[in-house]
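Beneath this line is the structure, given in structure tokens, with notes to follow.
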Amino acid sequence: MENQTRVRFAPSPTGFLHLGGARTALFNWLFARKYGGTFVLRIEDTDLERSDQKSVEVILEGLKWLNLLWDEGPEVGGKYGPYFQSKRLHLYPQFIQKLLVEGKAYYCFCSPEELAERREKTIAQGKSWRYDRRCLFMEQKEKEQLIAEGKKRVVRFRIPEGVTSFVDLLRGEVSFANQELDDFIILRSDDMPTYNFACVIDDALMKISHVIRGDDHISNTPRQVLLYQALGFPLPAFAHIPMILGKDKTRLSKRHGSPSVTYYRDQGYLPEAMMNYLARLGWASGEEEKEIFSEEELIERFDLSNVTKHAAVFDLDKLNWMNGVYIRQRDNASLSRILVEILQKRGKITPSEVTPEMEGYCEQIVAIMKDRMKYLAQIVEEAAYFFEQEVQFDPEAFQKILMKEGTEEILSRCLEEFKEIDDFTAPRLEEVVRKQAENLGIKAAKLIHPLRVAVSGKRVGPGLFELLEVLGKKRVIERIGLALEEISRQRLTQSSSG
RNA sequence: GGCCCAAUCGAAUAGUGGUUAGUUCAGCGGGCUCUCAAUCCGCAGGCCGGGGUUCAAUUCCCCGUUGGGCCA
């Protein structure tokens, strides 16, 4: 017997895969994996104005990156296809027809202008407006006449009397008085089904057992429940998961930095870190001190019953911390591959420069940088000296460290020593520098700091000896030389102007 | 404006009718150290408000407030 647990993620391809969507997908995926069910991906692209192929690709790409692979849907198919709503349009008319015939839906000829006028009038009287059912009570003959004339019409669902309630797996029973819902449109004048209608038909035909979606859909649910009932479809279980908000507690959007999954990928966040972070937003296993969960651990522990009911604020600090943890866990070779990708995307290197040497160099870089990384693009942003021909001196570092009395002497001496080293490795370099400090009768730090600024332009960075080794003898010698030249140049300008 | 949902340190959360209300991130202080990190140790900080039920409420109920959502 096949497992009947079927869940779906049904995004609209109107932009990118945002974090909220990714988390909805994740919760569905975790649920399917935990219960041995099927995870369906359906693209709701009936809003042709706003949907485009590019967005579809971005969504698929984002899900794949997060390893949220779907069992049925685009690219993989399945027996309940098609999985693009735009390819399912032929499925809807029969259900519209059924509702019309049974008197559960009716044609409405009211134009938007007429509706607006009546609405304003009602509101002016201090009453709340919902559709006044003018067309529900129209004579059959008149309707036929109008249809024959080709007058524009929509189809409205007739809301029955009573109360509609459903069980939300997170909050228990939720009820709505039907009189609060108006006779909503299920088929637009251009014959396109509306969201609530298409969604119900698709979920029913795809045998979705659990509808797990954002809680912004709670108020759609009673309308959908009524449609299930009117059409005689079995009702799925519903679970409305809380939304993700920005720091200012408003819906996550572009204003809060980027909410797109692709952005984080391109910044060098790791998919396993993203998955872990998103899972922890609104969910906790209850184990103290445990924040890091592997995919398997998440599947094992995840349950809708311990998902919180309130919105969660996206916290970049915590994602950064978590990503750092995962970076430190990763092997250098795979980090190096990601770094090479980033370098290419940002035009720091060209595809022809991607040689085994470059990959090896990047591997050495991540090895000495991974302890201080939140995301890999920081290497490009804050340690560009690894890839640039000439060091850009941080002005403050230059003034405070390199312009100090005696720096030239120190750098020159180290330069001469370094030239003699064939075994240009961290331990050897450390030995030489410390010896030199001893000879000069000063602390090693007095040599280390100027050397760091000379070769990297910065006061902060990885351990000096590792840094020197990774940069290599040639670069180091060159850079110290250039730093010395720059120092004398500055001294000249300072003495002549001062 | 109508309806719906929610509420524990700054953020994510655990938890309970009687607890010193726990943990993770961030913050602060310290150890280590060539800087920055990583790491280790420590500190600070919270049950939205008001009623009720109860011997006892952060916990249960109601109202309010605030936030979010949907519709208009």
Side-chain angles (χ1 to χ4, degrees), chain A residues 20 115-116 119-120 122-123 126-131 164-166 168 170-182 184 195-196 213-223 240-252 276-293 306-325 327-328 368-374 378 382-383 394 397 400-401 426 429-430 433-434 437 443-453 456 458-468:
Chain A
L115 288 171
R119 184 192 309 130
E120 270 167 44
T122 312
I123 290 172
K127 295 182 198 159
S128 70
W129 161 266
R130 59 188 74 88
Y131 180 63
T164 301
S165 53
F166 59 92
D168 179 283
L170 304 188
R171 331 160 201 259
E173 189 172 289
V174 179
S175 347
F176 289 78
N178 290 3
Q179 57 182 355
E180 300 297 339
L181 315 167
D182 67 357
F184 62 96
Y195 165 75
N196 280 316
R213 56 175 27 152
D215 68 12
D216 48 337
H217 284 288
I218 287 186
S219 42
N220 280 323
T221 304
R223 293 173 234 275
H240 294 94
I241 64 178
M243 318 217 61
I244 301 179
L245 309 179
K247 243 189 165 49
D248 57 359
K249 306 219 175 192
T250 64
R251 201 190 191 119
L252 198 62
N276 193 158
Y277 177 71
L278 253 19
R280 276 290 288 105
L281 210 50
W283 171 85
S285 73
E287 293 153 282
E288 299 235 314
E289 298 190 42
K290 186 163 176 66
E291 293 287 332
I292 304 300
F293 297 90
N306 43 32
V307 172
T308 57
K309 296 190 259 300
H310 56 274
V313 174
F314 176 76
D315 181 14
L316 187 59
D317 283 331
K318 186 149 183 179
L319 172 61
N320 280 337
W321 164 77
M322 196 172 271
N323 198 50
V325 172
I327 285 175
R328 273 163 247 132
I368 63 168
M369 292 295 282
K370 69 199 288 189
D371 270 358
R372 58 210 89 224
M373 294 281 88
K374 296 182 171 90
Q378 275 185 300
E382 291 160 32
D394 166 48
K400 287 212 168 140
I401 308 289
L429 287 158
E430 177 154 18
V433 170
R434 292 206 186 274
K443 286 209 269 186
K446 293 275 185 207
L447 311 196
I448 289 169
H449 295 305
L451 280 168
R452 175 178 290 108
V453 177
S456 74
K458 295 184 180 296
R459 308 176 74 167
V460 302
L464 179 73
F465 309 112
E466 290 74 23
L467 175 61
L468 295 176

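None of these values were measured; they are calculated from a predicted model. Chain A is the first sequence line, chain B the second, and so forth, proteins listed ahead of strands; every chain is numbered from 1.
Applying the side-chain contact (heavy atoms from CB on, under 4.5 Å) criterion to E288(A), with sequence neighbours excluded, gives no partner residue. With sequence neighbours excluded, the residues that form a side-chain contact (heavy atoms from CB on, under 4.5 Å) with A426(A) are F465(A), E466(A), E469(A). Residues that satisfy the ring pair (Phe, Tyr, Trp, His ring centres under 6.0 Å) test with F184(A), not counting sequence neighbours, are F157(A).
Nearest to the side-chain atoms of V460(A) among the listed nucleotides C4(B), C34(B), C36(B) stands C36(B). The nucleotide whose nearest atom lies closest to any side-chain atom of R223(A) is, among C34(B), C70(B), C36(B), C70(B). Here U23(B) is the nucleotide among U23(B), C34(B), C3(B) with the atom lying nearest to any side-chain atom of E289(A).
Among the protein residues, F184(A) comes within range of no part of the nucleic acid, since none of its heavy atoms lies under 4.0 Å from any strand. Across all strands, L464(A) comes closer than 4.0 Å to base atoms (heavy-atom distances). No engagement by V433(A) is indicated, since no non-hydrogen atom pair under 4.0 Å with the nucleic acid exists.
Protein atom CD1 of I368(A) is 13 Å distant from nucleotide atom C1' of C36(B), rounded to whole Å. When rounded to the nearest whole Å, the span between CG of D168(A) and P of G69(B) equals 18 Å. For the pair H217(A) NE2 and C71(B) C1', the interatomic distance rounds to 14 Å; values are reported in whole Å. Atom pair N320(A):CG and A26(B):P shows a separation of 9 Å (rounding to whole Å applied). For L467(A) and U35(B), the CG to P distance is 15 Å, given to the nearest whole Å. Atom-to-atom, CD of E180(A) to C1' of G69(B) comes out at 16 Å; the value is rounded to the nearest Å. Summarising the geometry, the separation between CD on Q179(A) and C1' on C4(B) is reported as 15 Å, rounded to the nearest angstrom. When the P atom of G67(B) is taken as reference, atom CG of L252(A) falls 19 Å away, rounded to whole Å.
Pairing each heavy atom of G20(A) with each of I244(A), the nearest pair is CA-CD1, 3.9 Å. The two residues L170(A) and P242(A) have their closest heavy-atom pair at CD1-CD, 4.3 Å. Between K458(A) and R452(A), the shortest heavy-atom contact is O-CG, 3.3 Å. In terms of heavy atoms, A312(A) sits closest to G282(A) at CB-N, 4.3 Å. Here the closest non-hydrogen pair linking V313(A) and Y277(A) is O-OH, 4.1 Å. Residue R171(A) comes nearest to K309(A) through the heavy atom pair NH1-O, 3.6 Å, listed as atom of the first residue, atom of the second, then distance.
Interface remark: the R452(A) side chain does form a donor-acceptor pair with the C34(B) base, using a distance-only criterion of under 3.5 Å.
Along RNA chain B, the nucleotide closest to N220(A) and the one closest to I448(A) are compared, and the more 5′ of them pairs with I448(A). Toward the 5' end of RNA chain B, the nearer of the two residues A444(A) and M243(A), judged by each one's closest nucleotide, is A444(A).
When atom types are taken as modelled, the side chain of N320(A) and the backbone of K374(A) share no donor-acceptor pair closer than 3.5 angstrom.
Spacing of P atoms, A38(B) relative to U24(B), comes out at 15 Å, to the nearest Å. Taking atom P on both nucleotides, A14(B) is separated from A6(B) by 15 Å, rounded to a whole Å. The separation of A44(B) from U23(B), taken at their C1' atoms, amounts to 16 Å, rounded to a whole angstrom. For the P atom pair drawn from G1(B) and C61(B), the interatomic distance equals 28 Å after rounding to whole Å. Spacing of P atoms, U20(B) relative to C34(B), comes out at 46 Å, to the nearest Å. With P as the reference atom, U13(B) and U8(B) are 9 Å apart, rounded to whole Å. For the C1' atom pair drawn from G45(B) and A57(B), the interatomic distance equals 23 Å after rounding to whole Å. C48(B) and U59(B) have their C1' atoms separated by 15 Å, with the value rounded to a whole Å.
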Report task. Determine, for nucleotides 38-47 of chain B in 5'-to-3' order, which nucleotides have protein heavy atoms under 4.0 Å from the base (write B), from only the sugar-phosphate (write S), or from neither (write -). Result -> SS--------
Query raised in the report: Once each nucleotide of nucleotides 6-16 of chain B is scored for protein heavy atoms under 4.0 Å, what B/S/- sequence comes out, 5' to 3'?
Result: SS---SBSS--
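A 4.5 Å side-chain heavy-atom check between F314(A) and L319(A) finds at least one atom pair inside the cut-off.
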Requested in this report: Mind running side-chain contact (heavy atoms from CB on, under 4.5 Å) on N220(A) and H240(A) for me, showing each step along the way?
Outcome: CA-CA 11 Å; N220(A) 280 323; H240(A) 294 94; over 6 Å; no
Requested in this report: Output, in order, the C-alpha distance, side-chain angles, deciding distance and verdict of side-chain contact (heavy atoms from CB on, under 4.5 Å) for R280(A) and F293(A).
Outcome: CA-CA 9 Å; R280(A) 276 290 288 105; F293(A) 297 90; 3.8 Å; yes
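Remark: RNA chain B forms stems of 3 or more consecutive Watson-Crick or G-U wobble pairs, all pair distances under 3.5 Å, at B:1-7 with B:65-71, B:10-13 with B:22-25, B:27-31 with B:39-43, B:48-52 with B:60-64.
Here the CG atom belonging to L451(A) is positioned 10.0 Å from the CG atom belonging to L467(A), to the nearest 0.5 angstrom.
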